[in-house]
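For reference, the structure discussed in these notes is given below.
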Amino acid sequence: MTTGPLHSLFERLFGGGSVAPEDGDHRLAAELAVRLDEGRGDGHGDAAANPEPTTAQLAGYLDGGLDEAAQRDIHARLASAPAALHDAASADAFLAAVEATRQSAPADLVAAELARSLPASATRPAAFRSFRLAWMWSGAIIAVAIAAIVTLFVWWNSNMTASTPIAIQPIPALPTEPPPPVLAQPQAPAANPPATIAGKDETKPHVRAMVPAGSEEVVPGGAPLRPKPGMVPDIETVPGTTKKAF
Amino acid sequence: MTHLRDQDLAVVRAVIEAKPQAWDRLIGRVADTVWTACRLLTGDEVQARAAFAEVMEALRADGFRRLRPYDGSSRIETFVALLTRDVLAERLMRLFQPGNGDRGWAAFERFFSSDIDRVIARRLSGADREEARRDARQEICLALIADDYRRLRAYRGVGSFTGFVLHTIDRLLIDIIRRTVPRRRGAETTCRPIMVALAEHEDIATELPNPEQSLLADEGERALTAATEVLRQAAETLSEAEQLYLRVALGGGEAIPAREVARLMQRPVEDVYKLKQRVTARLREMLEHHPAVKLWRASV
């Protein structure tokens with residue numbers, strides 16, 4: 001006996017149409033599927049060893065979004081658990097149907113859903129606004145308080161200056177200097193002050209009349225001396241000015 | 001990750017972080033998807049409106065717990081569509097409480113109608129099997145309702161409720177096929193020995209097999225055993241994609257089109273053709289050397 005019948009059977013079941021199907025093949029395929037499942041276990045797979053893909057994994061798999069390793073993992077799970085394979089095939093068909101029959105959700109349902117979620121999204125900005133207002137008000141209050149404290153301090157400070165001199169540092173006086181020595185008696189200015197040239201203040205020195213030698217005429221007071229450096233000049237010597245004392 | 005999915009991830013993260021207007025933005029993105037999914041799974045507008053509100057509430061619940069696993073590997077619409085399916089499946093499961101079964105069944109039929117038709121069409125394909133498909137659907141539904149929805153209440157939370165239900169439906173369908181596929185005792189087909197073996201298991205109570213039929217039955221059983229062993233051992237040496245291909249192929253009565261396999265496996269069609277070639281070559285090789293096959297060959 002050759003392996004012909006089995007070989008032919010495998011070619012028909014797995015060869016993808018290369019060999020014409022025979023009547024009864026569907027029963028043989030069903031029989032083989034059951035026997036393979038019986039050898040594996042209860043047919044639902046061992047949940048601990050080969051868990052079915054999660055919804056996220058199945059979605060990624062059916063959308064072609066998994067990398068090679070993740071896809072191999074899903075293939076292994078689907079091959080080992082008939083229930084998982086059925087679920088995946090069902091999900092695939094379901095997604096195709098959703099895509100083919102897509103329709104718009106009723107506007108009232110969507111609006112109701114948005115309205116249900118509105119309190120959560122609406123209260124957040126209101127709470128935020130009230131927080132800002134509270135912050136602003138508290139800042140204003142603090143500013144007013146500071147201003148009041150400063151004002152109080154200044155007022156108190158001014159009061160303390162008037163009534164308690166001890167408490168107030170006296171303003172230091174400018175250092176006093178001894179009155180400058182009188183260098184010359186003040187003399188009446190000449191009746192005819194010397195002519196001044198504009199922009200120039202030419203004042204001829206007050207020249208004492210010379211007394212000839214041998215004359216017994218009392219020589220009047222000496223001509224005013226030019227002030228020594230560092231001494232306060234006698235402003236009286238300047239015609240037209242009055243002597244002022246410091 | 002594409003730039004668009006980065007944006008999707010940013011939208012979801014903003015929702016989870018409860019940023020202002022983030023939830024409203026998400027609703028704007030997925031409202032149509034959720035609505036369409038609800039219409040498909042509930043069957044009418046009134047039920048869909050209630051389902052829509054329930055799904056939205058479920059998405060918000062527990063600090064957007066259902067949205068947290070989103071990692072941007074899919075479009076947000078895809079993820080939320082599957083979440084909608086999960087939420088409505090859980091809602092359906094709760095309906096099968098004692099005393100509430102009838103209301104649950106109406107919702108069940110609307111939810112799984114297209115899936116039941118798809119599974120049946122895969123195993124009982126062909127224009128000449130239209131009546132067989134209708135009969136199978138009816139029988140499956142009766143089996144699910146039997147004993148106060150005992151088979152549906154057998155779900156223990158392992159895996160998804162949807163996967164559990166569909167696997168249960170597939171097993172019921174296989175049982176129907178085993179019982180109803182006509183015997184081909186006289187047919188000169190390569191399956192003859194195997195088919196006789198299968199038929200013999202059904203007739204043993206009503207008709208004593210003749211020696212030839214017994215011989216064929218034994219031969220057929222060994223052939224099936226050998227085939228099963230070869231497949232099981234081959235699967236251990238195949239890649240994950242090749243193993244998956246094997247399981248997908250055994251989900252139908254005839255070869256599934258390459259583009260359907262490619263879609264389910266998320267591989268290019270060219271890759272699927274290469275997969276088929278590698279799998280059949282591997283099986284051919286093992287048929288020549290597997291001990292179970294040698295035993296079967298020696299017995300005949």
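Order of the sequence lines sets the chain letters (A, B, ...), proteins ahead of strands, with each chain counted from 1.
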Pairing of A:D92 and B:R118 as salt bridge, 4.0 angstrom limit | no
Which region of B:V34, side chain (C-beta onward) or backbone (N, CA, C, O), has a non-hydrogen atom less than 4.5 Å from a non-hydrogen atom of chain A, or is it both or neither?
-> neither
Relative to chain A, which segment of B:L246 carries a heavy atom at a distance below 4.5 Å: side chain, backbone, both, or neither?
-> both
B:R263, B:R123, B:E260, B:M56: which one forms the most heavy-atom pairs within less than 4.5 Å of chain A?
-> B:R263
Per-residue contact mode, B:L41 against chain A (heavy atom under 4.5 angstrom) = side chain
Counting heavy-atom pairs under 4.5 Å with chain B, the top scorer among A:G64, A:A89, A:A97, A:A33 is A:A89
Counting only heavy atoms closer than 4.5 Å, note whether A:D67 contacts chain B via side chain, backbone, both or neither.
-> neither
So, does B:Q243 use its side chain to make a donor-acceptor pair with the main chain of A:A79 at under 3.5 Å?
-> no
Report yes if the distance between the aromatic ring centroids of B:Y245 and A:H75 is under 6.0 Å, otherwise no.
-> no
Who wins among B:Q266, B:E57, B:R267 for the most heavy-atom pairs under 4.5 Å with chain A?
-> B:Q266
Flag the pair A:R35 and A:E38 as a salt bridge only when some basic side-chain nitrogen lies within less than 4.0 angstrom of an acidic carboxylate oxygen.
-> no
With only heavy atoms counted, which part of B:S125 is less than 4.5 Å from chain A, the side chain, the backbone, both or neither?
-> neither
For A:A91, is it the side chain, the backbone, both or neither that has a heavy atom under 4.5 Å from a heavy atom of chain B?
-> both
Does the side chain of A:T55 pick up a donor-acceptor pair with the side chain of B:R66 at under 3.5 Å?
-> no
Considering only heavy atoms, which portion of A:A96 lies under 4.5 Å from any heavy atom of chain B: side chain, backbone, both, or neither?
-> both
If one checks every heavy atom of B:A258 against chain A at 4.5 Å, the contacting part turns out to be neither
Could you tell me whether A:D73 and A:R77 have a side-chain N and a carboxylate O separated by less than 4.0 Å?
-> yes
Okay, B:R156 and chain A: the region with an atom under 4.5 Å from a heavy atom over there is neither
Exam field: side chain B:T36 to backbone B:D32, donor-acceptor pair closer than 3.5 Å = yes
Under 4.5 Å from a heavy atom of chain B, the part of A:Q71 involved | side chain
Within the side chain of B:T228, is there an N or O that forms a donor-acceptor pair under 3.5 Å with the backbone of B:L224?
-> yes
Measure B:F79 against the heavy atoms of chain A and call it side chain, backbone, both or neither at under 4.5 Å.
-> both
Identify which part of B:L264 has an atom lying under 4.5 Å from any heavy atom of chain A, answering side chain, backbone, both or neither.
-> both
Is a salt bridge present between B:D71 and B:R5, judged by a nitrogen-to-oxygen distance below 4.0 Å?
-> no
So does B:R122 pair up with B:D170, basic N to acidic O under 4.0 Å?
-> no
Interface residue of largest heavy-atom contact number with chain B, from A:L85, A:V98, A:L109, under 4.5 Å = A:L109
Per-residue contact mode, B:R75 against chain A (heavy atom under 4.5 angstrom) = both
